[in-house]
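Proteins come first, then strands; the chains are lettered A, B, ... in the order of their sequence lines, and each starts at number 1.
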Protein chains: 2
Amino acid sequence: MTSSTHRITHQREIILQRLQSVTSHPTADELYVMIKQHLPRISIATVYRNLEWLVDHGYAQKIEVGGRQKRFDGTTRPHYHIRCLGCGRVDDVALPLFENLHSPVENHTGYVVTKHHIEFTGYCPQCKQSRQKS
Amino acid sequence: MTSSTHRITHQREIILQRLQSVTSHPTADELYVMIKQHLPRISIATVYRNLEWLVDHGYAQKIEVGGRQKRFDGTTRPHYHIRCLGCGRVDDVALPLFENLHSPVENHTGYVVTKHHIEFTGYCPQCKQSRQKS
DNA sequence: ATAAGTGCAAACGATTTGCGACCGC
DNA sequence: GCGGTCGCAAATCGTTTGCACTTAT
């Protein structure tokens with residue numbers, strides 16, 4: 001933990017700070033436009049590389065849900081998500097974690113289980129009204 | 001349900017049949033190679049188009065899990081999955097469904113919830129031994 | 001000096017699309 | 001003949017990579 005040279009670079013700091021400033025779960029390119037306002041010359045490659053780095057070093061998490069793009073979350077505490085099938089937005093779901101599922105699953109699958117994730121899908125408050133029996 | 005012209009074409013039939021012939025959860029290109037043995041001139045575009053069609057018409061499901069490629073499932077009964085972080089394979093998890101989660105989630109998120117999915121991740125029997133404290 | 005990090009542009013892998021040919025009614 | 005479907009190739013989208021240049025120590 002206490003080695004290496006540059007560790008938290010300026011770019012990394014801004015990226016994490018922008019990620020933590022929102023409660024949404026932005027995609028890399030959504031973050032890219034947010035970050036550009038603070039670092040106009042940053043490249044999308046740096047955003048991807050540093051998001052990966054932040055995840056690997058326990059500063060953020062990548063949430064692997066459906067939809068084409070990956071999304072990122074500035075908190076590392078595990079929690080569940082709900083994704084809108086209309087607009088793609090992702091919100092947190094405040095449900096207690098089901099920790100106790102892992103061992104029964106290990107028993108019948110033979111896997112070692114490291115994590116689980118629950119993704120709900122549906123329509124967000126905005127999208128649900130703009131589709132009253134279209 | 002009873003309209004249109006061609007409905008189940010030969011290609012669609014073979015694709016669904018191949019998909020249903022396996023208990024794994026193949027990606028589009030894994031299916032493509034399986035299907036080519038029966039329809040050597042089929043194109044990958046047809047596979048994608050028809051998988052989409054089969055899903056939309058209730059013959060199959062797309063399982064939106066992590067990893068880069070989408071996977072398909074020849075059964076439409078909802079169930080949970082576990083994905084191996086080593087080799088990427090996906091297996092079924094025989095856990096009863098948590099149907100009762102939807103209304104509490106609707107209440108606190110304001111979404112209309114249509115589905116949910118649980119994805120476990122870990123290491124499959126094969127991969128877990130080939131990584132004894134590497 | 002040197003190892004890590006950056007920006008840019010090109011490469012990549014998965015999926016989608018435009019289009020002319022084709023098939024079954 | 002007509003609408004739906006097909007195969008092919010090209011296009012697109014999200015993400016990753018190679019490389020030459022910069023930066024902090």
Phosphate contact (C/dA9 OP1 or OP2) by A/S43 side-chain N/O below 4.0 Å: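 Answer no for this pair, as no side-chain N or O of A/S43 is under 4.0 Å from OP1 or OP2.
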Rounded to the Å, how far apart are [X] [atom1] and [N] [atom2]?
X	N	atom1	atom2	answer
A/R7	C/dG5	CZ	P	10 Å
B/I42	D/dT5	CD1	P	14 Å
B/Q69	D/dT15	CD	P	15 Å
B/I8	D/dG4	CD1	P	16 Å
B/L51	D/dT5	CG	P	15 Å
B/I15	D/dG7	CD1	C1'	12 Å
A/W53	C/dG5	CH2	P	7 Å
A/L39	C/dT6	CG	P	10 Å

Using side-chain hydrogen bond (donor to acceptor under 3.5 Å, both in side chains) as the criterion, list what pairs up with B/H102, not counting sequence neighbours.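 Only B/H116 meet the side-chain hydrogen bond (donor to acceptor under 3.5 Å, both in side chains) criterion with B/H102.
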Do B/E106 side-chain atoms and B/V113 backbone N/O form a donor-acceptor pair below 3.5 Å?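 Between the backbone of B/V113 and the side chain of B/E106 there is a qualifying donor-acceptor contact (under 3.5 Å).
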Is a side-chain donor or acceptor of A/Q61 paired with a backbone partner of A/T75 at a separation under 3.5 angstrom?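 Present.
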Heavy atoms within less than 4.0 Å of DNA chain C: which residues of residues 23-38 of chain A have one? Give them sorted by number. none
Do [X] and [Y] come within less than 4.5 Å of each other through their side chains, counting heavy atoms only?
X	Y	value
A/D92	A/T23	no
A/Y80	A/L97	yes
B/H117	B/V65	yes

Partners meeting ring-ring contact (aromatic ring centres under 6.0 Å, His included) with A/H38 (sequence neighbours left out):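 A/H38: no ring-ring contact (aromatic ring centres under 6.0 Å, His included) contacts found.
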Taking salt bridge (charged side-chain N to carboxylate O under 4.0 Å, His left out) as the test, write out the residues that go with B/R89, two or more places apart. B/D91
Over 60° means perpendicular and under 30° means parallel, so classify the ring planes of A/F98 and B/F98, tilted if in between. parallel
So how far off straight is the helix from C/dA1-D/dT25 to C/dC25-D/dG1, going by the axes through five pairs at either end, to 10°?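 Here the local axes at opposite ends form an angle of 10°.
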Identify each atom pair where a protein N or O and an N or O of nucleotides 16-22 of chain C are less than 3.5 Å apart, giving names and distance.
| residue | atom | partner | partner atom | Å |
| --- | --- | --- | --- | --- |
| C/dG18 | O6 | B/R49 | NH1 | 3.4 |

Between B/R71 and A/Q11, which has a closest nucleotide on DNA chain C that is more 5'? A/Q11
B/H10 NE2: over 12 foreign heavy atoms closer than 6.0 Å: no
Approximate separation, where rounding is to 0.5 Å, of B/S24 OG and B/L31 CG: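 It comes to 8.0 Å.
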